[in-house]
2 protein chains.
Amino acid sequence: MKNIRPRLVGLLRQGYCTPQIAQIAKQLKEPSTTIHYNIKRLEEEGTVRLYKAVFDYKQIEQGFCCYVLVNLSPGEYGNPERIGKDLAKYQEIESIDICTGDWELVLKVHVKDQDAYFEFLKNVISRKGVERTKSLVSFKQLKSEFVPV
Amino acid sequence: MKNIRPRLVGLLRQGYCTPQIAQIAKQLKEPSTTIHYNIKRLEEEGTVRLYKAVFDYKQIEQGFCCYVLVNLSPGEYGNPERIGKDLAKYQEIESIDICTGDWELVLKVHVKDQDAYFEFLKNVISRKGVERTKSLVSFKQLKSEFVPV
DNA sequence: ATTCTTAATTGAACAATATTCGACTTTTAG
DNA sequence: CTAAAAGTCGAATATTGTTCAATTAAGAAT
């Protein structure tokens, strides 16, 4: 047994997919070469960033989902990008936004369960520059990544 | 001119993509039939929901991004699913979660600009059952859909 | 341990799809 | 109105996905 699954999931999370030109052509009732031409243009212009898989996160050990509202400490207040970009490398984090309002950063996090979340909050999110966090735990996801669940 | 682009974007947003078996096989240094077998299993088990494109949302008229914290009115308080599922059909909404804490629903919305957001908030999100909303406007996205920007 | 059953891996043959090319058409700018 | 650029599309080719059958590995039961 080669344990292909986790490596596969790792790649499909962030790319290694491609549009189905023939299927799209059929659906739109246009020649596949026309579809091909238009897709390449979208890619060259950077309109399409990449193609990737959307998972049932419960099945890949990421069934616990949570929004994290973050306050930065006065010293880091003017520099949310540094902390945000460093957090970006964690695959548990779906999104990071620098926001207006009462919190400087808004994160969306996926981990296995509540225990894993506690550890993640303690070990990864809490750090120098992060003053306070507020967690909004998702009971149920109705839509995610533009896809209704 | 056939105006292929918007129709194409519409399809690629929610599917019409597929994994690149040959590329994955090369990357993982495994035979492509082995990769094929493992991918089909992920699909059959429902671990992979679908394959889709991730866009530069500024380039598809959705450059304005915002989190919306929603309070439901007392009458709807016990039934966040009805409102959430109805909202799910709008393609401007990236995600909808039923949450713990001070707000029953958390939405993430992408529209063209601030004016469009005002209209969307007024015409779509505000409705019977929605008592109050709080908007956290994203100044800058550092990560989105698990992909660093 | 040994057998049996099921799951996983793999190469070869085949089917389907993507890509290139060139001709033609449409759009745009001056 | 004209020339250049962008878009459409069929035919040929290159690449990739899929099926199949054989082989190996893993797990369960006696």
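Here the structure is a predicted model, which means the values were calculated and not measured. So you know, we letter chains A, B, ... as the sequences are listed, proteins then strands, and number each from 1.
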Original post:
Same hydrophobic cluster for B:Val109 and A:Val106, using side-chain heavy-atom links shorter than 4.5 Å among ILVMFWY?
Top reply: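 No: no chain of side-chain contacts under 4.5 Å links B:Val109 to A:Val106.
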
Interatomic distance, [X] [atom1] vs [N] [atom2] [rounded to whole Å]:
| X | N | atom1 | atom2 | result |
| --- | --- | --- | --- | --- |
| B:Arg5 | D:dT8 | CZ | C1' | 15 Å |
| A:Tyr16 | D:dG17 | OH | P | 13 Å |
| B:Leu8 | D:dT8 | CG | C1' | 14 Å |
| A:Ile39 | D:dT8 | CD1 | P | 13 Å |
| A:Ile35 | D:dC9 | CD1 | C1' | 11 Å |
| B:Lys29 | C:dT9 | NZ | C1' | 19 Å |

Give a yes/no answer on whether the side chain of [X] brings an N or O atom under 4.0 Å of OP1 or OP2 in [N].
| X | N | result |
| --- | --- | --- |
| B:Arg41 | C:dA8 | yes |
| B:Tyr37 | C:dA8 | yes |
| B:Asn38 | C:dA7 | no |
| B:Lys2 | D:dC9 | yes |

Subject >> Nucleotide nearest A:Glu30 (side chain, heavy atoms from C-beta), chosen from C:dT9, D:dT8, D:dC9 >> reply: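 From the listed options, D:dC9 comes nearest.
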
Original post:
Which comes earlier along DNA chain D counting from the 5' end, the contact point of B:Ile4 or that of A:Met1, where each point is its nearest nucleotide?
Top reply: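 This one resolves to B:Ile4.
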
Subject >> Any side-chain donor near an acceptor of the partner, B:Tyr51 and B:Gln20, under 3.5 Å >> reply: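 No.
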
Original post:
Judged by modelled atom types alone, do A:Tyr57 and A:Ser144 share a side-chain donor-acceptor pair under 3.5 Å?
Top reply: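 Checked: A:Tyr57/A:Ser144 side chains show no N/O donor-acceptor pair below 3.5 Å.
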
I'd like to know if the side chain of [X] and the backbone of [Y] have a donor-acceptor N/O pair within less than 3.5 Å.
| X | Y | answer |
| --- | --- | --- |
| B:Lys134 | A:Gly101 | no |
| A:Lys143 | B:Leu87 | no |
| A:Gln59 | B:Glu45 | yes |

Original post:
From B:Thr133 OG1 over to B:Leu107 CG, what is the distance, rounded to the nearest 0.5 angstrom?
Top reply: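 Going from OG1 on B:Thr133 over to CG on B:Leu107, the span is 9.0 Å.
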
Original post:
Once each nucleotide of nucleotides 13-19 of chain C is scored for protein heavy atoms under 4.0 Å, what B/S/- sequence comes out, 5' to 3'?
Top reply: ----SSS

